[in-house]
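First the proteins, then the strands, lettered A, B, ... as listed; each starts at 1. Remember, predicted model here, so these are calculated numbers, not experimental data.
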Amino acid sequence: MLLVNSIRDNFEVVLEGLQKRNFTHAEAVLHQVLEIEKSRKETQLERDNLQAESNSLSKQIGMLMRDGKKAEAENIKTKTAAIKDRIKSLEESYNTYEEDLRQLLYTIPNVPHYSVVKGKSADDNEVVLEYGEIPELPEDKLPHWDLIKNYDIIDFELGTKITGAGFPVYKGRGARLQRGLINFFLDEAIKAGYNEVQPPILVNEDSGYGTGQLPDKEGQMYEATADKLYLIPTAEVPITNMYRDVILNEIEFPIKNVGYTPCFRREAGSWGAHVRGLNRLHQFDKVEIVQIVHPDHSYEALEEMSEYVQGLLQKLELPYRVLKLCGGDMGFTSSLTYDMEVYSAAQERWLEVSSVSNFESYQANRLKLRYKGDDKRTQLAHTLNGSALALPRIIAALLENNQTEEGIRMPEVLIPYLGFDII
RNA sequence: AGAGGAGUGGCAGAGUGGUCGAAUGCGGCGGUCUUGAAAACCGUUGUACCGCAAGGUACCGGGGGUUCGAAUCCCUCCUCCUCUGCCA
């Protein structure tokens, strides 16, 4: 969430930023924040002063009791009663102000980077670059949902029987392709200096708030209600929350973690060809990279992560493009996001396979993730993450783009991981 | 899951109603000494909020309560340890 001080000190900048993402009533909400904050401070001042008075009287009572002057002590006791009532009522208002402030801040999205354009929807995203040749496929090319049936490598009906729609069963070479890709992605990340972690895939409420899934996206997560736990929608949640309530030493930067996890998304209300087959699932696999860095270097880190993800796509020989998201299309917590999309030659459309974001201090503020430098001051760190990569659409593109009469050709780099070169 | 025990500063560990944000040791940082290092000695060393500052307030696992006053007493939740049970 945003820092109140930054809203106060950079009011115009914050306002302009929020307007870029079409956040309605931005000005009114920001003014409300400052107003509540003002009341909060006034209440604290009064409460603290009374508390100081009460503390001092209590000490006097203690000393009088020790000296055996009981009558005098009793006399002071009566004075404290009134103060106590007043403190209690101030305490209640203070808590209300604090809670109202927090709830209000939860509703305010991150301020986009100054270079982010306004825009209304995904149509206004800027294509930063395109890479690779779009393959020419024969007339009888098939979309992946037909290919997986023909080769019997992914079974949606079977998954529907076991669980429900959007939970496919990967079979035979389909399963091995999954496993091969996961291992390939993890190995590449390790080579790039990331530390591999295996986090839990159920998280508690605090973690959901820490990275911003709660309260914003409550309905999009599966919930284990008996234990108040959530199935993670992305490994970003557990991996970033490892650093909740942590004060790092500056010399530990940059912190680079990578983890493979299944991801679970309820994604209600979607339909049509765009969500067919592997395009949108309730459960899918993803390798996620997460960085925690010094605020001065977070945009360098973002570029580095973007290039890293692009390198993976190049190795997989997939044509891709990089989008810089406009304000209207960016996630709630992000300051700047690049989306990587691969071209699916049979569906003849671009599929998002990665999203790389810099959250600046927005998540860190919720997480209380700070660092201490040479000057001994504690400050908020910056967090970033990116998919590297999400499997289903990569598989969709690999299957579609590499289909031949002999079968589906696998990219060179995967063959050692698969043990076969064609499906 | 049942029975018992325990949660205090970076770590170890004292403190069982008042002068305790908290002894002491270790570690960290600064200094003295030394050609340098070690040792020794001296100093310093939590977080957050309010305040221009002086200073104030809160925090001893979380929340609530008793009391003029709580690390200390009570309730509740969480976590960890030991034993028993169960289990990949």
Side-chain angles (χ1 to χ4, degrees), chain A residues 1-9 33-105 198-210 214 224-230 238 241-253 255 261-262 361 363-381:
Chain A
M1 67 194 158
L2 298 180
L3 286 160
V4 177
N5 285 350
S6 128
I7 294 175
R8 196 191 53 222
D9 299 339
V33 166
L34 297 182
E35 220 164 277
I36 298 174
E37 171 68 355
K38 190 165 165 258
S39 306
R40 202 204 104 238
K41 282 186 184 180
E42 287 168 0
T43 310
Q44 181 180 350
L45 187 66
E46 196 181 346
R47 183 201 63 185
D48 285 0
N49 286 340
L50 283 174
Q51 190 61 251
E53 196 181 336
S54 166
N55 287 347
S56 131
L57 289 174
S58 288
K59 266 183 194 172
Q60 286 181 43
I61 292 170
M63 290 196 289
L64 291 167
M65 296 291 260
R66 195 191 48 196
D67 298 342
K69 299 174 180 168
K70 217 173 170 194
E72 279 183 57
E74 287 300 327
N75 190 28
I76 298 179
K77 269 194 202 181
T78 57
K79 273 167 74 181
T80 59
I83 297 178
K84 232 184 116 188
D85 283 349
R86 182 76 186 131
I87 290 175
K88 194 164 185 186
S89 118
L90 285 168
E91 184 70 23
E92 276 166 21
S93 348
Y94 181 86
N95 289 340
T96 306
Y97 287 133
E98 212 176 25
E99 183 57 24
D100 288 353
L101 188 62
R102 183 173 328 121
Q103 291 305 329
L104 192 57
L105 288 171
Q198 283 194 21
I201 59 176
L202 278 96
V203 294
N204 59 28
E205 208 179 10
D206 285 346
S207 294
Y209 277 97
L214 293 174
T225 48
D227 298 290
K228 280 193 188 155
L229 298 175
Y230 296 87
N241 270 282
M242 296 195 301
Y243 297 90
R244 174 152 46 84
D245 291 319
V246 167
I247 299 177
L248 296 161
N249 191 318
E250 198 174 9
I251 56 171
E252 294 175 75
F253 289 141
I255 290 174
T261 67
S361 63
Q363 288 184 330
N365 190 28
R366 286 198 183 188
L367 293 158
K368 295 200 172 32
L369 163 52
R370 292 160 295 174
Y371 72 94
K372 202 179 274 197
D374 279 342
D375 57 2
K376 303 274 182 196
R377 284 174 59 217
T378 51
Q379 288 177 287
L380 293 172

What is the separation between atom [atom1] on [X] and atom [atom2] on [N], rounded to the nearest whole Å?
X: A:L45; N: B:A48; atom1: CG; atom2: P; value: 20 Å
X: A:N249; N: B:C29; atom1: CG; atom2: C1'; value: 12 Å
X: A:E42; N: B:C50; atom1: CD; atom2: C1'; value: 12 Å
X: A:D206; N: B:G62; atom1: CG; atom2: C1'; value: 10 Å
X: A:L369; N: B:U47; atom1: CG; atom2: C1'; value: 15 Å
X: A:K77; N: B:G69; atom1: NZ; atom2: C1'; value: 9 Å

**Study point:** Out of B:G56, B:G46, B:C68, whichever nucleotide has its closest atom nearest the side chain of A:Q44
**Key:** B:G56
**Study point:** Minimum-distance nucleotide (side-chain atoms of A:T80 versus B:U47, B:C68, B:G56)
**Key:** B:C68
Within the 4.0 Å heavy-atom criterion, would you say [X] contacts the bases, only the backbone, or no part of the nucleic acid?
X: A:K228; answer: nothing
X: A:L57; answer: nothing
X: A:S58; answer: base
X: A:E37; answer: sugar-phosphate

Rounding to the closest angstrom, what is the interatomic distance between [N] and [M] at atom [atom1]?
N: B:U79; M: B:A88; atom1: P; result: 24 Å
N: B:A23; M: B:G15; atom1: P; result: 14 Å
N: B:A53; M: B:A38; atom1: C1'; result: 45 Å

Practice item. Applying ring pair (Phe, Tyr, Trp, His ring centres under 6.0 Å), name anything that partners A:Y94, two or more places apart in sequence or on another chain. Key: none
For [N], give its Watson-Crick or G-U wobble partner with both distances under 3.5 Å, or none.
N: B:C80; result: B:G5
N: B:C86; result: none
N: B:G25; result: B:C11

OP1 or OP2 of [N] versus the side-chain N and O atoms of [X]: is any pair under 4.0 Å?
X: A:N55; N: B:U57; value: yes
X: A:K84; N: B:U67; value: no
X: A:T378; N: B:A48; value: yes

Review point. Would the number of heavy atoms belonging to other residues, nucleotides or ligands and lying under 6.0 Å from CD of A:Q103 be above 12?
Key: yes
Review point. Toward the 5' end of RNA chain B, which comes first, A:R370 or A:Q51, by nearest nucleotide?
Key: A:R370
Practice item. Please report the shortest heavy-atom distance between A:S89 and A:S93, naming the atom on each side. Key: O-OG, 2.9 Å
Exercise for review: Might you work through the side chain to side chain contact (heavy atoms under 4.5 Å, CB included) test for A:L367 and A:Y243, ending with a clear yes or no?
Suggested key: CA-CA 7 Å; A:L367 293 158; A:Y243 297 90; 6.0 Å; no
Review point. Would A:S207 and A:N204 count as having a side-chain donor-acceptor pair, cut-off 3.5 Å?
Key: yes
**Study point:** With A:K77, the side chain to side chain contact (heavy atoms under 4.5 Å, CB included) member among A:I61, A:L64, A:L57
**Key:** A:I61
